Amino acid sequence: MKTTHFVSKILFYITRFLSIVYFVLAGYSALTLLTGWFLTFTENGKYFQVCYPFTNHPLMLGDYNMPYIVFEFLSPLSLYGLFFLLISNIFKIFFQPKLFTQNGINHLRRFYLTNLFVPGITIFIASIFVSLDNEVAIFIVLHFMLGIFAYFLAAIFKQGLNLQNEQDLFI
């Protein structure tokens with residue numbers, strides 16, 4: 001069990017760090033696009049470049065039109081920030097003193113509901129405004145499968161919590 005604690009703790013810190021990175025990039029990009037700070041344009045304003053703070057070196061690039069910015073630039077950054085935050089909470093479950101808790105089940109429930117519904121809804125709304133690549137369907141299927149796996153894991157955790165509570169009553 002020590003290996004599980006060790007690996008889950010490492011994965012928790014990695015995914016939490018990635019979550020922070022994605023959220024910071026999304027926030028910084030939104031601030032840059034709204035204010036024009038550290039923003040440069042190429043090809044007569046057709047493309048934008050979000051630059052590193054206080055420099056003219058590009059950090060991120062994109063097409064300068066509102067549907068692209070919202071649905072293909074800021075949405076993925078924000079949603080993957082959310083994804084890594086939720087998965088870091090899952091990894092946190094595995095190094096807690098008690099494995100089967102209501103809090104752990106709640107984290108799993110948030111994770112599977114988000115993975116089952118948010119990608120499909122987001123892609124459906126985005127497809128109204130922008131044309132999407134065929135590869136996007138792969139991401140929907142992967143997140144859906146991950147959501148189903150997390151659903152089954154939540155069911156196992158719920159059963160484990162019930163058994164743990166029953167055993168606590170006998171002691």
Side-chain angles (χ1 to χ4, degrees), residues 1 3-31 33 48 50 59-165:
M1 197 66 179
T3 305
T4 305
H5 283 252
F6 179 71
V7 171
S8 65
K9 197 170 269 194
I10 289 172
L11 290 173
F12 166 76
Y13 288 116
I14 291 170
T15 54
R16 187 59 59 103
F17 173 75
L18 288 172
S19 171
I20 291 167
V21 167
Y22 272 97
F23 280 134
V24 166
L25 285 174
Y28 177 68
S29 297
L31 177 71
L33 288 163
F48 68 88
V50 175
L59 171 65
M60 292 181 285
L61 314 167
D63 293 346
Y64 191 62
N65 64 64
M66 192 55 70
Y68 174 86
I69 290 170
V70 171
F71 295 110
E72 295 186 58
F73 187 72
L74 293 176
S75 288
L77 286 173
S78 303
L79 290 175
Y80 274 105
L82 176 64
F83 172 79
F84 284 117
L85 177 66
L86 293 173
I87 203 164
S88 71
N89 290 336
I90 301 293
F91 289 128
K92 189 176 182 179
I93 294 169
F94 290 98
F95 64 84
Q96 298 302 311
K98 274 187 147 181
L99 184 60
F100 301 113
T101 63
Q102 188 59 46
N103 188 36
I105 294 169
N106 291 339
H107 285 304
L108 283 163
R109 184 177 298 127
R110 278 185 224 111
F111 184 74
Y112 78 72
L113 288 173
T114 301
N115 277 285
L116 287 175
F117 297 112
V118 171
I121 292 169
T122 303
I123 296 302
F124 174 74
I125 293 170
S127 68
I128 295 170
F129 299 100
V130 293
S131 63
L132 299 170
D133 298 333
N134 292 333
E135 291 84 21
V136 173
I138 295 170
F139 287 106
I140 293 174
V141 170
L142 289 174
H143 280 285
F144 190 77
M145 296 296 288
L146 193 57
I148 290 172
F149 179 75
Y151 171 76
F152 286 120
L153 192 59
I156 293 167
F157 268 61
K158 192 171 187 178
Q159 182 66 27
L161 180 64
N162 290 339
L163 290 172
Q164 183 175 287
N165 288 340

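Predicted model, so just to flag it, every value in this text is computed and none were measured.
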Asker: Could you walk me through whether N115 and F144 pass side chain to side chain contact (heavy atoms under 4.5 Å, CB included), step by step?
Answerer: CA-CA 6 Å; N115 277 285; F144 190 77; over 6 Å; no
Asker: Tell me every residue that passes ring pair (Phe, Tyr, Trp, His ring centres under 6.0 Å) with F23, counting only those two or more places apart in sequence or in another chain.
Answerer: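 For F23, no residue satisfies ring pair (Phe, Tyr, Trp, His ring centres under 6.0 Å) once neighbours in sequence are set aside.
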Asker: Show me the side-chain donor-acceptor pairs of residues 99-107 shorter than 3.5 Å, one per line, residues at least two apart or across chains.
Answerer:
| from | atom 1 | to | atom 2 | distance (Å) |
| --- | --- | --- | --- | --- |
| T101 | OG1 | G104 | N | 3.1 |
| Q102 | NE2 | N106 | OD1 | 3.2 |
| N103 | OD1 | H107 | NE2 | 3.4 |
| N106 | OD1 | R109 | NH1 | 3.1 |
| N106 | ND2 | Q102 | O | 3.3 |
| H107 | ND1 | R110 | NH1 | 3.1 |

Asker: Which value, rounded to the nearest 0.5 Å, describes the distance between I156 atom CD1 and Y151 atom OH?
Answerer: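 Reported value, rounded in 0.5 Å steps: 11.5 Å.
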Asker: Hey, could you give me the CE/CG distance between M60 and L33, rounded to the nearest 0.5 Å?
Answerer: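 Here the rounded value is 8.5 Å.
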Asker: Please find the pair of heavy atoms, one from Q96 and one from H5, that lie closest to each other, and give the distance.
Answerer: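 Closest approach of Q96 to H5, heavy atoms only: O-CE1, 3.9 Å.
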Asker: Under 3.5 Å, which donor-acceptor pairs do the side chains of residues 123-138 form with other protein atoms, sequence neighbours left out?
Answerer:
| from | atom 1 | to | atom 2 | distance (Å) |
| --- | --- | --- | --- | --- |
| S127 | OG | I123 | O | 3.4 |
| S127 | OG | F124 | O | 2.7 |

Asker: Are K92 and K9 packed together at the side-chain level, in the sense that at least one heavy-atom pair is separated by less than 4.5 angstrom?
Answerer: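 The answer is no, as the side chains (C-beta and beyond) never meet within the 4.5 Å cut-off.
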Asker: Show the numbers, then the answer: is there a side chain to side chain contact (heavy atoms under 4.5 Å, CB included) between I69 and Y64?
Answerer: CA-CA 7 Å; I69 290 170; Y64 191 62; 4.0 Å; yes
Asker: Do F157 and L108 touch side chain to side chain, with heavy atoms closer than 4.5 Å?
Answerer: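 Side chain of F157 against side chain of L108, heavy atoms only: contact under 4.5 Å found.
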Asker: Roughly how far, to the nearest 0.5 Å, is the CZ atom of F139 from the CG atom of L146?
Answerer: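 Output value for this atom pair is 13.0 Å.
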Asker: Which side-chain hydrogen bond (donor to acceptor under 3.5 Å, both in side chains) pairs, counting each pair once, include a residue from residues 16-31, with sequence neighbours left out?
Answerer: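 side-chain hydrogen bond (donor to acceptor under 3.5 Å, both in side chains) check on residues 16-31 returns R16-S88, R16-N89.
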Asker: Between side-chain atoms of residues 70-87 and protein atoms elsewhere (two or more places apart, or another chain), which donor-acceptor pairs fall under 3.5 Å?
Answerer:
| from | atom 1 | to | atom 2 | distance (Å) |
| --- | --- | --- | --- | --- |
| S75 | OG | V70 | O | 2.7 |
| S78 | OG | L74 | O | 2.9 |
| Y80 | OH | H143 | NE2 | 2.9 |

Asker: Taking ring pair (Phe, Tyr, Trp, His ring centres under 6.0 Å) as the definition, give me every residue that meets it alongside Y68, ordered by chain and number, with sequence neighbours left out.
Answerer: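 Residues passing ring pair (Phe, Tyr, Trp, His ring centres under 6.0 Å) with Y68: none at all.
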Asker: Determine whether the aromatic ring centres of residues F12 and F91 are separated by less than 6.0 angstrom.
Answerer: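 Judged by ring-centre distance (under 6.0 Å), F91 and F12 do not meet the cut-off.
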Asker: Taking it one step at a time, do V50 and L25 satisfy side chain to side chain contact (heavy atoms under 4.5 Å, CB included)?
Answerer: CA-CA 10 Å; V50 175; L25 285 174; over 6 Å; no
